[in-house]
There are 2 protein chains.
Amino acid sequence: MSHETTQGGAEPASRRKTSTPGHYAKGVAKREAILDAALPVFGQAGFHGASLREIARQCGVSHQSLMHYFPTKDELLLAVLRRRDERLRRHFDDAGGMRLGELVALAEYNVEVPGVIQLFNTASAESTSPDHPAHDYYADFYDRIVASTTTYLRTAASRGLLAPGYTAESAARVVLAVQDGLQVQWLYDRDAVRVADLMRLVISTVVTVPLDSLDELIAGQPGEGATEN
Amino acid sequence: MSHETTQGGAEPASRRKTSTPGHYAKGVAKREAILDAALPVFGQAGFHGASLREIARQCGVSHQSLMHYFPTKDELLLAVLRRRDERLRRHFDDAGGMRLGELVALAEYNVEVPGVIQLFNTASAESTSPDHPAHDYYADFYDRIVASTTTYLRTAASRGLLAPGYTAESAARVVLAVQDGLQVQWLYDRDAVRVADLMRLVISTVVTVPLDSLDELIAGQPGEGATEN
DNA sequence: GTCTATAGTTAGATAGAC
DNA sequence: GTCTATCTAACTATAGAC
């Protein structure tokens with residue numbers, strides 16, 4: 001229940017609140033503060049381990065005030081995830097597909113924002129269970145990021161720019177897997193793992209032209225989509 | 001608390017049990033049944049989301065009987081993890097290091113055992129928090145598997161068998177990251193992701209000789225350890 | 001079986017912002 | 001005066017542990 005990805009729309013009568021939050025300036029700011037506080041708590045303790053009272057304490061609001069803005073724990077988690085993944089999701093529908101340069105840039109940025117990587121990995125791992133509140137969210141997320149990255153690499157594939165044995169999709173899955181896997185390693189040993197550097201290295205091994213050239217190539221000349229990969 | 005990775009040794013007096021379980025044949029079997037039941041529950045719900053009563057129900061023992069065999073939830077989780085990772089840990093101290101063929105073989109085996117991959121990914125993700133009961137366990141696990149795989153690849157590196165730009169350690173980290181990342185993708189789309197196949201593909205891109213040849217090469221002739229990689 | 005702690009959630013009333 | 005924000009209080013369920 002409550003797996004709705006659409007925010008608006010008709011709510012079940014049982015869950016309708018007496019007042020609608022977020023319309024006053026004060027409320028908007030507090031909503032943001034709650035999301036900021038919730039991010040590291042969900043990241044460190046996971047969904048079940050995190051408590052709403054702890055999150056409320058972290059940002060100095062009362063427990064009941066928190067529930068005024070996010071009437072259920074599920075909705076709070078989804079709101080945090082949506083805000084976190086926003087930068088990536090913006091590119092899901094890009095014409096040329098998800099640029100690899102964007103993935104690397106995001107990896108470079110993420111290591112500067114404490115808790116973001118931890119949230120993503122914890123949430124994506126525990127969401128593999130079908131009854132997890134964020135299951136549908138992440139199932140859709142992976143579907144779309146794989147599809148988008150595959151679209152991007154199809155142009156390269158049709159020009160023979162991929163290493164032997166790779167299809168556009170397998171290359172996309174490998175690059176995304178490397179990113180996720182390295183982020184976990186980074187959480188255990190932040191000095192020894194350079195996520196973005198290793199991603200660039202892998203990309204340079206899988207794609208036989210420099211990353212910048214590939215971005216420009218795909219942006220400038222849309223692939224003629226010859227071979228189906 | 002209770003982050004001990006060593007099993008034996010002096011226990012705190014407060015936690016000493018009145019009788020030691022697992023010495024009678026019946027107790028040994030029951031212990032195994034509990035571990036079998038605990039694996040998928042921890043994997044699906046995570047550490048905090050899993051309940052001892054649910055685990056006990058799954059294997060038909062009483063809640064208090066379970067607590068006789070595993071006096072605390074922390075210890076139960078660690079016992080499950082140790083048994084799950086046993087096959088990999090066996091190779092941590094191998095002379096030539098962790099063979100890549102072993103990693104691929106394990107990946108091939110894991111997709112046949114429901115819950116094992118889910119447990120590993122959930123536990124390794126949430127254990128990145130320093131206060132998680134399995135934090136020390138997984139910090140040590142990653143240390144050793146990276147070191148062991150690096151040792152294995154050092155021989156290849158010293159003979160110039162790695163793709164341009166790779167050191168033994170970076171190659172090891174990439175291969176391990178690909179494995180972990182693909183396993184998450186596999187949990188979301190089991191038909192679309194062939195973990196072992198993609199691992200072989202990546203290995204063939206990073207190491208410039210066939211995997212079988214590399215295993216034989218390293219087993220037969222220990223590397224002269226020329227260049228420090 | 002009991003105990004203690006804490007979880008998420010709900011109801012209602014009051015005070016404040018628009 | 002209406003909508004929003006916040007607070008006090010309580011409920012029900014379940015957790016791990018003894």
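Any value given below was found using the heavy atoms of this structure, including those in side chains, with hydrogens, waters and symmetry copies removed. Numbers restart at 1 for each chain; the letters A, B, ... are given by sequence-line order, proteins then strands.
The A:Ser51 side chain lies nearest to C:dG8 when the options are D:dA17, C:dG8, D:dC18. Side-chain proximity of A:Lys73 to the nucleotides C:dA7, D:dG16, D:dT6 is greatest for C:dA7. The side chain of A:Leu52 has C:dT9 as its nearest neighbour among D:dC18, D:dA17, C:dT9. Comparing C:dA7, D:dC7, D:dA17 against the side chain of B:Thr72 picks out D:dA17 as the nearest. The side chain of A:His68 lies closest to D:dT4 when the candidates are D:dA10, D:dT4, D:dC7. Closest approach to the A:Gln64 side chain among D:dG16, C:dA11, D:dA5 is made by C:dA11 (side chain taken as heavy atoms from C-beta onward).
Under 4.0 angstrom from either OP1 or OP2 of D:dT4 there lies no side-chain N or O belonging to A:Tyr69.
Dense packing is recorded around CZ of B:Arg144, with more than 12 heavy atoms of other residues, nucleotides or ligands lying under 6.0 Å away.
Using a 4.0 Å heavy-atom distance criterion, A:His63 is classed as a base contact. No contact: A:Ala56 has no heavy atom under 4.0 Å from any strand.
Atom NE2 in B:His48 sits roughly 19 Å away from atom P in D:dT14 (whole-Å rounding). Between the P atom of C:dA7 and the CG atom of A:Leu66 lies a distance of 13 Å, rounded to the nearest Å. To the nearest angstrom, C1' of C:dA7 lies 19 Å from CZ of A:Phe70. If you measure from atom CZ of A:Arg53 to atom P of C:dG8, you get 7 Å, rounded to the nearest angstrom.
The residues A:Glu54 and A:Arg57 are annotated as salt-bridged, a charged nitrogen and a carboxylate oxygen being separated by less than 4.0 angstrom.
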Please step through salt bridge (charged side-chain N to carboxylate O under 4.0 Å, His left out) for the pair B:Arg82 and B:Glu86, ending with a clear verdict.
-> CA-CA 6 Å; B:Arg82 284 198 200 93; B:Glu86 188 185 7; over 6 Å; no
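Cation-pi geometry between B:Arg87 and B:Tyr109 is met: under 6.0 angstrom from the ring centre, within 45 degrees of the axis.
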